[in-house]
Protein chains: 2
Amino acid sequence: MPDAEKRDSLFVGALAKGLRVLRAFDETHPELSLGALAQRTGMDKSTVQRLANTLHQEGWLTKDPVTRRLRPSHAWLELAYAYYWSDPLVGNAMPKLIELSRHLEETVNFAEISGDHTIYVLRLPCQRTHFAASIIGRRLPALSTSVGRAILSTWPEPDRDAAIENWPLKEFTPRTTLDRASIRNSIEEAAARGFAISRDEMILNELAVAAPICGPDGRAIAAVQCSVSAYSWNDDSLLKKIVPPLLDTANAISPSLRM
Amino acid sequence: MPDAEKRDSLFVGALAKGLRVLRAFDETHPELSLGALAQRTGMDKSTVQRLANTLHQEGWLTKDPVTRRLRPSHAWLELAYAYYWSDPLVGNAMPKLIELSRHLEETVNFAEISGDHTIYVLRLPCQRTHFAASIIGRRLPALSTSVGRAILSTWPEPDRDAAIENWPLKEFTPRTTLDRASIRNSIEEAAARGFAISRDEMILNELAVAAPICGPDGRAIAAVQCSVSAYSWNDDSLLKKIVPPLLDTANAISPSLRM
DNA sequence: TCTGCTGTATCGCAATGCAATACTGTTTAT
DNA sequence: ATAAACAGTATTGCATTGCGATACAGCAGA
């Protein structure tokens, strides 16, 4: 392990390496051969062999009997299941999101902040979109999403500023905002109005509105989001039809009241 | 490791143990202390300490700063994300499920067979139900679910019989079928009609219909399912309104045609 | 303040995971 | 066809690394 020199004595390297094997699978690498795994993880071929073998025996990797390639197993979904039970917000959020989705008949999402990214935790797709926009677990740079901006809009000045300065940005479409001053404006507007809007950030012709879910300290860690097509919606209709129920839903989920 | 004596030399015990720590979290144990983890995994306290520490450092466990308890982290959802990209059926299924859900305005699920259980892979909840019925990754005994029966109905005799004889059953409601002969009837009926119906198996007052998704060999490994309330639906309306589009959807997802 | 708890740190031993290497089987090019 | 190239599988000796007993610290409640 050349990267991390002096890890304390209660660090189990073999476990960390094994998990790095799991992390090697992503949207561009849905299945991998042993050799490819070795390459991607930077580990020795025989190390990967043992780790992958163990993961396979323990049911974490599925092995195609003919190509010998490895793929994520159903166990990966079971972990998501366990996650849902452990997240204190999800239990309240789910029924309210369902109602919102039924009412709006538009795609509704629930996302949380995870470091400097947002991650989709619950998704209720209503319209056909591209695949990545309809499955859970997707991480996106927080500054580029309506969810991230809605959440940041509730944070105290110093934290918010630090985020705006330092958090990463990535160009997804030609219209992705890469200018941090514009992002600051967007967040301040969100702070004033109680919700954030973003346009064409992740995909073109997409309009997203997000309302933060505040904890007892007023600081949000999650948001409810509604994503619609700019073909069918504009600012006015958004504000009239979508924003009010969206805010209601967010407030209903917020744990502050129940404490 | 007393349980598995003679594991071959390419087995990394530390990795397996670490993963067992992850598996210790489930619906009844959403968060665990170090001591509780040691108990549940049957491992030594200091072993668990090191493993949990490693998992925490690597971002797999979240540690509550005040209670010191450990919880699943967002990484668990990221694994689900990777899983979705790797599952060859999910990409086709998703848009079609969305359409079906919009059309029926009822809860639609996509589940696969996983050993002797079924596992929910995609869920589009439309009505409020209990929490477990609306999140992905849930495993249920295949013989008790409409999905499992729909899938088994496409299997050749010997496999099907072996499953009916040996696969596990568990009582979820007072009306859960525990009689294997009845289950055989149900599966045979499904084979004749092309879809399976179940009633009150998992929760009372629930009606579920499932249509198998067959591979090129005619053998199903997945099914589309629609779950409705027996309060609003009966056999007739189910057959008229739900079954036809359900079968259409299942056929549209089946990969056989595209090969 | 004492007692019992739960989480954190230390340490010597040997079990265990490491990487080099050799083997097997399947695919590609000549 | 035959050979060469490649990917997956097995073996082995060595020392690194993970093991668990034990001792320490920080916080409850009595």
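By convention in this document, chain letters (A, B, ...) are assigned in the order of the sequence lines, proteins followed by strands, and residues within each chain are numbered from 1. Keep in mind that this is a model prediction, so the values were computed, not measured.
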Write down the distance between [atom1] ([X]) and [atom2] ([N]), rounded to a whole number of angstrom.
X	N	atom1	atom2	result
L55(B)	dG18(D)	CG	P	13 Å
L51(B)	dG20(D)	CG	C1'	12 Å
M43(B)	dG18(D)	CE	P	14 Å
R50(B)	dA15(C)	CZ	C1'	13 Å
R20(B)	dC19(D)	CZ	P	11 Å
D64(B)	dG7(C)	CG	P	12 Å
K17(A)	dG17(C)	NZ	C1'	9 Å
F11(B)	dA15(C)	CZ	P	18 Å

>> Using a 4.0 Å heavy-atom cut-off to protein, can you give one letter per nucleotide of nucleotides 5-10 of chain D, 5' to 3': B if the base is in contact, S if only the sugar-phosphate is, - if neither?
In response: ---BBB
> Hey, are K17(A) and D44(A) close enough for a salt bridge, meaning a charged N less than 4.0 Å from a carboxylate O?
Replying inline: no
>> I'd like to know if R219(A) and D159(A) make a salt bridge, using a cut-off of under 4.0 Å between side-chain N and carboxylate O.
In response: yes
> So, is the end of the R180(A) side chain (NZ or CZ) under 6.0 Å from the ring centre of W167(A) and within 45° of the ring's axis?
Replying inline: no
> Regarding D26(A) and H29(A), is there a side-chain donor-to-acceptor distance under 3.5 Å anywhere?
Replying inline: yes
> Considering all heavy atoms of both residues, which atom of I213(A) and which atom of P255(A) are nearest to each other, and what is their separation?
Replying inline: CG2-CD, 4.2 Å
Please list every donor-acceptor pair under 3.5 Å in which a side-chain atom of residues 136-146 of chain A meets a protein atom from a residue at least two apart or in another chain.
unit_1, atom_1, unit_2, atom_2, d
R139(A), NH1, S114(A), OG, 3.3
T145(A), OG1, A142(A), O, 3.2
T145(A), OG1, G148(A), N, 2.9

